[in-house]
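First comes the structure, then the notes that go with it.
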Number of protein chains: 2
Amino acid sequence: MSDPEVTEVFEKCLGCRYMVALLRHIEDGVNRPGQLQRAVDGMTAKVLSERLKRLVEYGIVERASYPEIPPRVEYDLSSFGRRLLEIIDEVDELQRQARMTKNG
Amino acid sequence: MSDPEVTEVFEKCLGCRYMVALLRHIEDGVNRPGQLQRAVDGMTAKVLSERLKRLVEYGIVERASYPEIPPRVEYDLSSFGRRLLEIIDEVDELQRQARMTKNG
DNA sequence: CGGAATCCAAGAAGATACTG
DNA sequence: CAGTATCTTCTTGGATTCCG
């Protein structure tokens with residue numbers, strides 16, 4: 001039987017609103033909170049902050065803060081996060097295939 | 001269905017409580033609602049019913065009903081569902097590796 | 001037995017104001 | 001600019017009941 005932790009990553013991370021979009025933007029080099037909020041349509045700063053915190057908690061992204069004025073913070077995918085994103089792409093591809101088969 | 005994006009499968013299916021466990025049981029040959037409810041700890045009949053409906057809606061499982069007395073209904077993975085489950089296993093494996101790396 | 005309907009509790013997310 | 005706190009609203013899930 002399966003590991004309860006898979007369920008957890010899906011429930012707490014990937015299954016949350018904006019998460020996939022968020023990860024994709026980080027992958028594309030959009031690393032700062034301000035930019036991320038502008039990039040992901042409809043996501044408020046509060047929710048963004050919660051999501052980022054959780055992604056760090058699950059080891060999917062890593063946080064780096066630079067004590068400058070104004071303060072700068074950057075988020076990047078961990079190696080685990082990068083591989084996770086590859087898997088998400090597989091689901092993407094799978095859906096594309098399923099759609100093709102269905103629609104001709 | 002309207003334009004099933006990756007985000008949607010994660011949000012509406014995989015990210016929901018019990019979903020991964022449910023899919024794994026179906027994969028293992030537990031196909032009838034009554035058995036599934038007993039198999040997945042804590043899941044009520046209502047939630048089970050909602051989940052199954054959604055899985056059918058997204059083409060992940062297929063429903064077959066037999067007009068017997070008492071009525072019998074069975075749910076099975078579609079080919080899309082089977083491949084989806086393989087991908088879930090990849091996440092499982094990925095997490096296992098990540099844990100190993102971390103704990104030595 | 002399968003499943004839909006109802007009512008209620010818990011959690012997720014939106015809007016806004018505020019701190020370092 | 002990044003992040004937290006509060007309040008409200010919406011969505012999910014739990015408990016129960018009734019129908020085919």
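All figures in this text were calculated on a predicted structure; none of them were measured in a lab. A, B, ... follow the sequence lines: proteins, then strands. Residue 1 opens every chain.
- Pairs engaging residues 77-91 of chain B under the salt bridge (Lys or Arg N to Asp or Glu O under 4.0 Å) rule: B:Arg24-B:Asp89 [sequence neighbours left out].
- For the side chain to side chain contact (heavy atoms under 4.5 Å, CB included) test, residues two or more places apart in sequence or in another chain that qualify with A:Tyr18 are A:Val40, A:Met43, A:Val47.
- Legend: residues meeting side chain to side chain donor-acceptor pair (under 3.5 Å) with B:Glu50, ordered by chain and number and at least two apart, are absent.
- Applying the ring pair (Phe, Tyr, Trp, His ring centres under 6.0 Å) test to A:Tyr75 and every residue at least two apart in sequence or in another chain returns nothing.
- Summarising the local packing, CG of A:Asp28 is surrounded by more than 12 heavy atoms from other residues, nucleotides or ligands at distances under 6.0 Å.
- With sequence neighbours excluded, the residues satisfying side chain to side chain donor-acceptor pair (under 3.5 Å) with B:Glu74 are B:Arg72.
- Along DNA chain D, the nucleotide nearest B:Cys16 and the nucleotide nearest A:Leu52 are compared for position; the residue whose nucleotide lies closer to the 5' end is A:Leu52.
- Rounded to whole Å, atom P of D:dT12 lies 9 Å from atom CD of B:Glu11.
- The phosphate of D:dG14 has OP1 or OP2 within less than 4.0 Å of a side-chain N or O from B:Arg17.
- The separation between A:Glu50 atom CD and D:dA2 atom P is 17 Å, rounded to whole Å.
- Scanning residues 55-76 of chain A for heavy-atom distances under 4.0 Å to DNA chain D yields A:Arg63, A:Pro70, A:Pro71, A:Val73, A:Tyr75.
- The side chain to side chain contact (heavy atoms under 4.5 Å, CB included) search around A:Ser78 returns A:Glu62, A:Phe80, not counting sequence neighbours.
- Contacts between residues 29-46 of chain A and DNA chain C, defined by a heavy-atom separation below 4.0 Å, involve A:Thr44, A:Lys46, listed by number.
- Every side chain to side chain contact (heavy atoms under 4.5 Å, CB included) that A:Ser65 has, sequence neighbours left out, goes to A:Arg63, A:Val73.
- If you take CG of B:Leu48 and C1' of C:dG2, they are 10 Å apart, rounded to a whole angstrom.
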